[in-house]
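Here is the naming used below: chain letters follow the sequence lines, and residue numbers restart at 1 for every chain. It should be emphasised that the depicted structure is a prediction, and the values quoted were computed from it without experimental measurement.
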There are 2 protein chains.
Amino acid sequence: MDRTDQSLIALRRILRATELYGRDLAKAAGLTAAQFRVLQIIDETGASTPKAIAMRMRVSQATITSLIDRLERQKMIERKRSEIDRRQTDIIITEQGHQTVEHAPDALQQRYVREFERLEEWEQAMLVASLERVAAMLDAHDIDASPVLDTRDIRT
Amino acid sequence: MDRTDQSLIALRRILRATELYGRDLAKAAGLTAAQFRVLQIIDETGASTPKAIAMRMRVSQATITSLIDRLERQKMIERKRSEIDRRQTDIIITEQGHQTVEHAPDALQQRYVREFERLEEWEQAMLVASLERVAAMLDAHDIDASPVLDTRDIRT
DNA sequence: TCTTGATATTTCGATTGTCTAACTATATGT
DNA sequence: ACATATAGTTAGACAATCGAAATATCAAGA
């Protein structure tokens, strides 16, 4: 097997592990995966708008409306009419919502962080360089992507 | 920002790029993402069973039944009662199904492969080592995972 | 062989995520 | 002030997903 195949297999293992884990994580928090992602985005800054979330997740605004409906019913977030532009709705995270994101038992990421930080300096540097290389190869042409660097839920 | 954060951000870029692309890929093939994944799994070996697919994708069998219903209606696969264990249904890919998987315009993977193969030897080796390291950190404890190495649609 | 328990699949009913199109309210430019 | 654009919601549709119940088959033991 050549290196290209090896790299693809490793990539798929990474994708698979994270995807499968994402479901469990959300479930442990009492939410669905999509709801949890929305909550994470809002939690990043404490507030957002449906429009911004929709662009960030690349789904329609209508989808966000229904996700927000559910999160609101669960008291994870609150809707508030924007003062500056009354067409907009500010989505504000509640204390409970913040706690949910904060305390979600993200075992996968925790384990990753733990193991990563046990590595030698040079190895950490190599991994970062490699991952950034791969990321660039994958999303390089994605020029219409969100201008906001995706830093959601960095660190556990 | 420390190296841990940098690696997490790069990982998220990888995850995001592949997830977003997966939707487009399936759509280009005239299927949904879930349907396309099922078809890929069947295409790997030419045939499978609902049970095996469900375990592999970690969804319930009921979900697979409905996905298979749709793929069957589109003549991508055929159902056939197993001869050896008549409780089982063999899911067999049709020529059309195979062609669909084969010719799906997987631009993302094509670009990745193209760029990967342009790299220096040593850099390819570094990427493989790094990706495998990360994969091990992420799915190491996933001992109940499919025993079959996930080689679906290797190479374009 | 007959029974009993396990397994593979499907069916049914429900919830969720997702879309497009239409609608409402607000903003903005001329 | 009017026309047009933008933010959000609503309505109606379909797909993915689940758990529970139903059906058919297998397998092991009395």
- Task: State whether a side-chain donor-acceptor pair under 3.5 Å links A/Thr4 with A/Ser7.
- Result: no
- Task: Report the residue from A/Ile92, A/Thr94, A/Ile77, A/Val101 that forms a side-chain contact (heavy atoms from CB on, under 4.5 Å) with A/Ile42.
- Result: A/Ile77
- List in chain and number order the residues that pass salt bridge (charged side-chain N to carboxylate O under 4.0 Å, His left out) with A/Asp69, two or more places apart in sequence or in another chain; answer none if no residue qualifies. A/Arg79
- Message: To check you understand the geometry: which heavy-atom pair defines the closest contact between A/Arg23 and B/Arg58, and what is its length?
- Response: NH1-O, 2.9 Å
For the pair made of [atom1] in [X] and [atom2] in [N], what is the distance, rounded to whole Å?
{"X": "B/Lys80", "N": "C/dA8", "atom1": "NZ", "atom2": "C1'", "result": "16 Å"}
{"X": "A/Arg56", "N": "D/dA7", "atom1": "CZ", "atom2": "C1'", "result": "19 Å"}
{"X": "B/Asp85", "N": "C/dA8", "atom1": "CG", "atom2": "C1'", "result": "7 Å"}
{"X": "B/Ile68", "N": "C/dA8", "atom1": "CD1", "atom2": "P", "result": "14 Å"}
{"X": "B/Gln88", "N": "C/dA6", "atom1": "CD", "atom2": "P", "result": "19 Å"}
{"X": "B/Ile84", "N": "D/dA27", "atom1": "CD1", "atom2": "P", "result": "10 Å"}
{"X": "A/Ile91", "N": "D/dT9", "atom1": "CD1", "atom2": "C1'", "result": "12 Å"}
{"X": "A/Met55", "N": "D/dA7", "atom1": "CE", "atom2": "C1'", "result": "11 Å"}

- Query: Okay, side chain of A/Gln124, backbone of A/Phe116: is any donor-acceptor separation there less than 3.5 Å?
  - Reply: yes
- Query: Has the side chain of A/Arg13 got a donor or acceptor atom that lies under 3.5 Å from a matching backbone atom of A/Ile9?
  - Reply: no
- Message: Under 4.0 Å, counting only non-hydrogen atoms across every strand here, what does B/Thr89 touch: a base, just sugar-phosphate, or nothing?
- Response: sugar-phosphate
- Applying salt bridge (charged side-chain N to carboxylate O under 4.0 Å, His left out) between B/Arg133 and each of A/Glu115, A/Glu123, A/Glu120, report the one that passes. A/Glu123
- Does B/Arg37 reach the side chain of B/Gln40, with side-chain heavy atoms less than 4.5 Å apart? yes
- Message: Would you say that A/Leu25 contacts A/Leu108 through its side chain, given a criterion of any heavy-atom pair below 4.5 Å between the two side chains?
- Response: no
Between the protein and nucleotides 15-22 of chain C, list the N/O to N/O atom pairs that are separated by less than 3.5 angstrom.
from	atom 1	to	atom 2	distance (Å)
C/dG17	OP1	A/Thr32	OG1	2.0
C/dG17	OP2	A/Gln35	NE2	3.2
C/dC19	OP2	A/Ser60	N	2.7
C/dC19	OP2	A/Ser60	OG	3.1
C/dC19	OP2	A/Thr63	OG1	2.7

- Are OP1 or OP2 of D/dG8 and a side-chain N or O of A/Arg79 less than 4.0 angstrom apart? no
- Task: Report yes if a side-chain nitrogen or oxygen of A/Arg87 is closer than 4.0 Å to either non-bridging phosphate oxygen (OP1 or OP2) of C/dA25; otherwise report no.
- Result: no
- Message: So if I take the C1' atoms of five pairs at each end of the helix from C/dT1-D/dA30 to C/dT30-D/dA1 and get each local axis, what angle do the two axes make, rounded to 10 degrees?
- Response: 10°
